Amino acid sequence: MTRRSLKRKFHLAVLLTTVLALLIACSAMVIFNLRDYRESVERDISTQAILIGRAVTPALQFNDPASARMYLELLRHQPAIVEAAIYNERGRLFAGYQKNQNLPDHLAQNQLGLMEGVRVEGDSLVLNQRIILDDEILGAVFVRIQYNLAKELLGNLTIAIACIAFAVAVASAVSLYLQKSIIGPLLSLSALTRRLAESRDYSLRASKSSDDEIGHLVDAFNEMLEEVADGRRHLETINAELKKQVGERLEAENALRKSEENIRNLNADLEHRVQERTAQLEIANEELESFSYSVSHDLRAPLRAIDGFSQALIEDYKDSLDATAADYLRRVRTAAQKMGNLIDDMLKLSKVNRTEMNFVEVNLSDMVENILQELREAEPQRKIVIKITSGLTAWCDAHLMKIALTNLLNNAWKYTSKTDEARIEFGMRPFEHEVAFFVQDNGAGFDMAYSDKLFGAFQRLHTAGEFPGTGVGLATVKRVISRHGGRVGANSAPNKGATFYFTVPPRERPNLRAQKRDSI
């Protein structure tokens with residue numbers, strides 16, 4: 001698939017829309033002008049025929065060809081008329097006129113019996129019209145006039161092409177201006193996020209080019225980078241101090257070998273100092289959690305503004321916006337809503353660390369069945385085989401454990417959405433010399449070569465086009481299980497499903513019965 005930048009797509013959309021609209025308009029203009037030209041020539045030749053008929057009526061009555069020829073000679077003042085003729089009541093040539101005397105003589109024919117009206121002959125229009133006086137046919141008028149349809153068409157096409165070329169130039173200029181003022185800041189922010197992901201250089205800053213919602217987003221993003229950089233510098237300072245203290249402790253231990261009493265006293269002093277540094281590190285971690293929570297809330301305001309104003313433009317100005325502009329606004333709304341979901345997941349991940357633990361005996365089998373029932377109600381059209389080992393319990397925090405199981409089962413439900421005869425299973429089995437709970441599916445799976453990224457925040461092994469998500473779910477699972485003192489792991493292969501394991505240190509060994517509940 002060819003990848004085009006947003007700037008190029010925008011430019012092409014503006015040019016294609018302009019050219020298409022002008023082609024339609026110019027085609028209509030050319031057709032109208034040609035029809036108008038034909039009607040104008042027909043009116044002209046009809047008027048000339050009527051005037052000639054009235055003028056030569058006396059000459060026909062008195063059989064005076066000379067008077068008729070004298071009148072026809074006046075047609076030389078009408079350059080468009082090629083030839084004309086008057087025929088008597090018997091159809092004989094009465095008088096004739098030819099603009100170019102060198103042309104063959106076509107006027108000797110009997111024109112009285114031909115059908116009246118206008119017809120096209122080559123590059124000219126020919127009119128036959130009878131001369132009638134008091135319901136008596138005195139004769140007929142024949143007129144041939146130039147009809148340069150090709151020349152008229154060429155002139156119209158020349159004007160249309162010139163208009164299209166000028167409009168394309170103007171549209172290009174307008175497109176470049178709009179790219180610079182609207183799409184440019186978004187592309188700049190996107191490029192900055194990629195550089196941050198690659199270099200981890202938090203000294204980079206986004207440039208602000210406007211004081212609108214995008215400008216507010218840039219300000220919030222720069223403030224977030226500043227806070228992250230400060231937190232990182234603070235942690236580096238603490239780590240340097242801790243390394244320094246460790247070195248001091250080693251030196252002190254070497255010195256205290258000379259005196260047992262000095263060793264005990266110095267060790268006590270060093271332990272106290274380590275506790276202080278550990279407390280400082282915990283405070284720093286709490287500050288980082290608070291910072292993450294605060295930044296997530298501060299980002300909501302510009303996102304709501306972007307989403308709200310985009311929706312207002314679509315609803316209030318739908319008659320003024322073309323399809324392309326409306327599509328761009330819908331894309332802006334989709335991006336803002338996606339970032340809102342990402343912020344929500346960040347808050348959930350932050351709350352996992354701050355939630356107070358309340359340990360009780362929890363029936364995990366019933367909890368899994370309830371979660372899957374909610375998923376079935378949300379998508380009743382899906383047919384999926386579910387196996388749950390009954391009676392599995394664990395000593396854990398019910399609220400946090402439901403968060404972890406919901407994320408694991410949501411993943412299994414999501415990654416089996418494209419699998420025929422999908423299956424999800426929950427139970428217990430040995431895992432790395434321990435007995436672990438597991439959630440298994442036969443969905444898309446993943447390559448174990450990337451398993452080190454699996455439980456990291458914002459790490460995804462599938463694109464958003466394949467399966468939606470923010471990459472926070474498995475990081476949340478790991479934090480929940482870590483707070484319980486357990487471990488998480490996974491086994492998988494591409495297109496062969498995945499199995500996720502987690503352990504919970506038991507108050508007493510969890511109950512395991514060889515009974516399964518199967519449902520579709």
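Remember, predicted model here, so these are calculated numbers, not experimental data.
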Derivation and outcome, side-chain contact (heavy atoms from CB on, under 4.5 Å), residues Asn407 and Asn411: CA-CA 6 Å; Asn407 279 287; Asn411 275 357; 5.8 Å; no
Side chain to side chain, Arg382 and Trp413, heavy atoms closer than 4.5 Å: yes
Which atom of Ala394 lies closest to which atom of Leu364, heavy atoms considered: CB-CD1, 3.8 Å
Parallel, tilted or perpendicular: rings of His484 and Phe359 (30°, 60°): perpendicular
Inter-residue atom distance Asp441.CG - Thr416.OG1, 0.5 Å rounding: 6.0 Å
Side-chain touch Ile371/Lys402, heavy atoms, less than 4.5 angstrom: yes
Nearest heavy-atom neighbours spanning Ile386 and Arg376: CD1-NH1, 2.7 Å
Validation row: Met401, Val362 side chains within 4.5 angstrom (heavy atoms): no
Gap between atom CD1 of Ile388 and atom CE of Met367 - 0.5 Å precision: 12.5 Å
Over 12 foreign heavy atoms within 6.0 Å of CD, Glu377: yes
Minimum-distance pair of heavy atoms, taken over all atoms of Ile164 and Cys26: CG1-SG, 4.1 Å
Asp420, CG atom: more than 12 neighbouring heavy atoms under 6.0 Å: no
Nearest heavy atoms of Gly427 and Thr389, plus distance in Å: CA-OG1, 3.6 Å
side-chain contact (heavy atoms from CB on, under 4.5 Å) evaluation trace for Asp397 with Arg483: CA-CA 10 Å; Asp397 182 279; Arg483 291 202 65 187; over 6 Å; no
Heavy-atom check, side chain of Leu375 versus side chain of Leu372, under 4.5 Å: yes
Nearest heavy-atom neighbours spanning Ala167 and Leu22: CB-CD1, 2.8 Å
Any Phe426 side-chain heavy atom under 4.5 Å of Leu392 side chain: yes
Gap separating the CG atom of Leu157 from the CE atom of Met29, nearest 0.5 angstrom: 8.5 Å
Gap separating the CE atom of Met428 from the OG atom of Ser365, nearest 0.5 angstrom: 10.0 Å
Distance in Å, Lys387 NZ paired with Ile424 CD1, rounded so as to fall on 0.5 Å steps: 13.0 Å
Thr419 versus Gly443, closest heavy-atom pair with distance: OG1-CA, 3.6 Å
Beyond-backbone contact of Phe502 with Leu408, side-chain heavy atoms, under 4.5 angstrom: yes
Tyr501 side chain reached by Arg487 side chain, heavy atoms, under 4.5 Å: no
Within 6.0 Å of CZ in Arg423, more than 12 heavy atoms from elsewhere: no
Point-to-point distance, once rounded to the nearest 0.5 Å, from CG of Asn363 to CD of Glu369: 9.5 Å
Worked verdict on Arg249 versus Glu253 for salt bridge (charged side-chain N to carboxylate O under 4.0 Å, His left out): CA-CA 6 Å; Arg249 179 171 178 173; Glu253 287 178 351; 3.5 Å; yes
